[in-house]
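Quick note: numbers below take in every heavy atom, side chains included, and nothing from hydrogens, waters or symmetry partners. Numbers here are sequence positions counted from 1. Note that the coordinates shown come from a computational prediction; the quantities given were computed from them, not determined experimentally. First listed ligand is number 1; within each ligand, the first listed atom is number 1.
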Amino acid sequence: MILLDGKKVSNDIKNEITEEVKKMKAKGEKVPHLAAIIVGNDGASLTYVASKVKACERVGFESTMIRMSNTTSEIELLDKIEELNNNPEIDGFIIQLPLPKQIDTQKVLMAVDPDKDVDGFHPMNFGKMALDMSTFIPATPFGILELLDRYNVETKGKHTVVIGRSHIVGRPMSILMGRKGFPGNSTVTITHSHTKNITQITSQADIIISALGVPNFLKAEMVKDDAVIIDVGITRVVDETSPKGYIITGDVDFENVSKKASFITPVPGGVGPMTIAMLLKNTLLARELRH
Ligand SMILES: Nc1nc2c(c(=O)[nH]1)N[C@@H](CN(C=O)c1ccc(C(=O)N[C@@H](CCC(=O)O)C(=O)O)cc1)CN2
């Protein structure tokens, strides 16, 4: 079994981006600037945005974090988005998800200038991705493609089963794994909460990408020998004995599934760190497209 080490690969990517930024600085160019809007006080979301800001500092990007209260109205958020759309200093920005209930997420994401949409969530960018056009690919699926690429995991002609159909991971992942090129060219099945007899489907898969958010959902008996396992789950499970009071748990029963897998991502240290690295890549791309 080979561990797909997202922590290591994301560090490699950050080092590569740092070199690009040094070249920009040497030419007297302005460095990429990422902004992140966070609405509310969700602990996990605050951690992720803090990691994004830290990653920007590490590679030499500028960053701006905008905190808005939990009671922010949709109009107030749309005004802030308009401000960022029109701010020439900002190359790309994200709105950290999930958003509080009073805000229509889809409406908000559609308000982002597609050229600054470094999360790749705007329908125009999603459509471009589906049509194999060059665009911002959502960071988590982009990170998974990069991991498969850097570890030379064969995807052509394989059967990929995606568990979960979220707009952020499952849906784009299913499109990307089936597209022409590498990684891709695989035959994709997408499963969700209404899928019947899921074990029958997962046990035929060469590659399983689980983005369900149910701790230890994928058991060894659901997986065939030598399958490639990508675990996108990052659930915080209460654990009084750990210093933080919780442990991060993936969708995959790692201890048992890893004994059968050919390649597997750990949680933590797998797909999560790749998400941040690929957001930086998208921000670099946004900067290049604007200049
Ligand atoms: N606007 C967005 N919102 C959300 C996205 C996104 O891509 N754009 N994805 C997730 C959250 N996310 C980034 O925003 C994210 C999740 C997890 C990690 C990560 O590095 N996880 C670590 C564990 C960290 C921990 O202690 O909690 C790991 O897996 O090793 C990074 C980014 C939803 N929202």
Side-chain angles (χ1 to χ4, degrees), residues 3-11 13-14 34-40 42-56 58 63 65-68 77 80-81 84 92-100 103 105-106 108-112 116-122 125-126 129 136-147 164 166-173 176 210-213 215 230-239 242-252 254 264-283 286:
L3 203 66
L4 297 169
D5 188 344
K7 206 167 170 191
K8 183 200 167 290
V9 174
S10 66
N11 266 319
I13 293 168
K14 285 182 200 160
L34 173 72
I37 304 178
I38 174 153
V39 186
D42 177 68
S45 293
L46 284 165
T47 307
Y48 302 142
V49 173
S51 302
K52 290 173 186 183
V53 169
K54 203 169 144 203
C56 283
R58 148 99 193 261
S63 65
M65 176 173 162
I66 299 152
R67 280 198 74 172
M68 300 180 82
L77 180 55
K80 183 55 76 183
I81 290 170
L84 294 177
F93 66 97
I94 61 130
I95 300 128
Q96 189 62 30
L97 301 179
L99 287 168
I103 297 172
T105 302
Q106 211 52 50
V108 159
L109 296 178
M110 280 180 69
V112 176
K116 293 190 176 187
D117 170 37
V118 285
D119 254 335
F121 294 164
H122 190 284
N125 288 325
F126 200 94
M129 176 203 65
F136 302 112
I137 295 175
T140 303
F142 196 9
I144 293 169
L145 294 182
E146 194 71 20
L147 266 182
S166 74
H167 294 176
I168 298 187
V169 187
R171 201 76 64 85
M173 205 65 239
L176 292 162
S210 186
L212 198 60
I230 308 291
D231 190 351
V232 190
I234 33 156
T235 309
R236 291 182 172 196
V237 176
V238 176
D239 179 8
S242 83
K244 288 182 178 168
Y246 65 84
I247 49 165
I248 304 288
T249 310
D251 286 356
V252 177
F254 186 88
I264 188 166
T265 58
V267 175
V271 173
M274 291 300 293
T275 298
I276 309 258
M278 302 320 277
L279 174 66
L280 298 176
K281 269 218 153 194
N282 277 343
T283 307

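For Ser51, the heavy-atom gap to ligand 1 stays at 4.0 angstrom or more.
Residue-to-ligand polar distances place Asp119 within reach of ligand 1: an N/O pair is separated by less than 3.5 Å. Residue contacts with ligand 1: Tyr246 is placed with no nitrogen or oxygen under 3.5 Å of a nitrogen or oxygen of the ligand (distance criterion only). Not one N or O of Ile276 is nearer than 3.5 Å to an N or O of ligand 1, by distance alone. Taking only nitrogen or oxygen atoms, main chain and side chain alike, Gly269 reaches within less than 3.5 Å of ligand 1. For Leu97, a nitrogen or oxygen atom sits less than 3.5 Å from a nitrogen or oxygen atom of ligand 1, counting backbone and side chain alike.
Close contacts of ligand 1 with Ile234, meaning ligand atoms under 4.0 Å from a residue heavy atom, involve 16 (C), 17 (C), 29 (O). The contact set between ligand 1 and Phe121, taken as ligand atoms under 4.0 Å from a residue heavy atom, comprises 1 (N), 2 (C), 8 (N).
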Open item on the list: Please determine whether side chain to side chain contact (heavy atoms under 4.5 Å, CB included) holds for the pair Ile66 and Leu84, giving the CA-CA distance in whole Å, both sets of side-chain angles, and the decisive distance to 0.1 Å.
Closed with: CA-CA 10 Å; Ile66 299 152; Leu84 294 177; 3.8 Å; yes
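A 4.5 Å side-chain heavy-atom check between Phe121 and Leu97 finds at least one atom pair inside the cut-off. Residues Ile144 and Met274 fail the side-chain proximity criterion, which asks for heavy atoms closer than 4.5 Å. Using a 4.5 Å heavy-atom threshold, the side chains of Phe93 and Val112 count as touching. Side-chain atoms of Lys244 and Arg236, non-hydrogen and from C-beta on, never get closer than 4.5 Å to each other. Contact of the Val267 side chain with the Val252 side chain is not registered, since no non-hydrogen atoms from C-beta on lie closer than 4.5 Å.
Distances from atom 11 (C) of ligand 1 to the protein include at least one heavy-atom value under 4.0 Å.
Side-chain N/O atoms of Thr275 and Thr140 include a donor and acceptor closer than 3.5 Å.
Under a 3.5 Å cut-off, the side chain of Asp231 and the backbone N or O of Asp251 do form a donor-acceptor pair.
Scanning the protein heavy atoms around atom 24 (C) of ligand 1, the nearest turns out to be Tyr48 CE2, 4.2 Å. For atom 26 (O) of ligand 1, the closest non-hydrogen atom of the protein is Ile248 CD1, 3.6 Å. Of the protein's non-hydrogen atoms, Gln96 NE2, 3.5 Å is the one closest to atom 4 (C) of ligand 1. Of the protein's heavy atoms, Pro268 CB, 4.2 Å lies nearest to atom 23 (C) of ligand 1.
Of the heavy atoms in Lys52, only side-chain atoms (C-beta onward) come closer than 4.0 Å to ligand 1.
The 12-atom threshold is not exceeded at NZ of Lys7, counting heavy atoms of other residues, nucleotides or ligands nearer than 6.0 Å. Within a 6.0 Å sphere centred on CE of Met110, heavy atoms belonging to other residues, nucleotides or ligands number 12 at most.
Nearest-residue assignment for atom 20 (O) of ligand 1 (options Ala36, Ser45, Gly272; heavy-atom criterion): Gly272.
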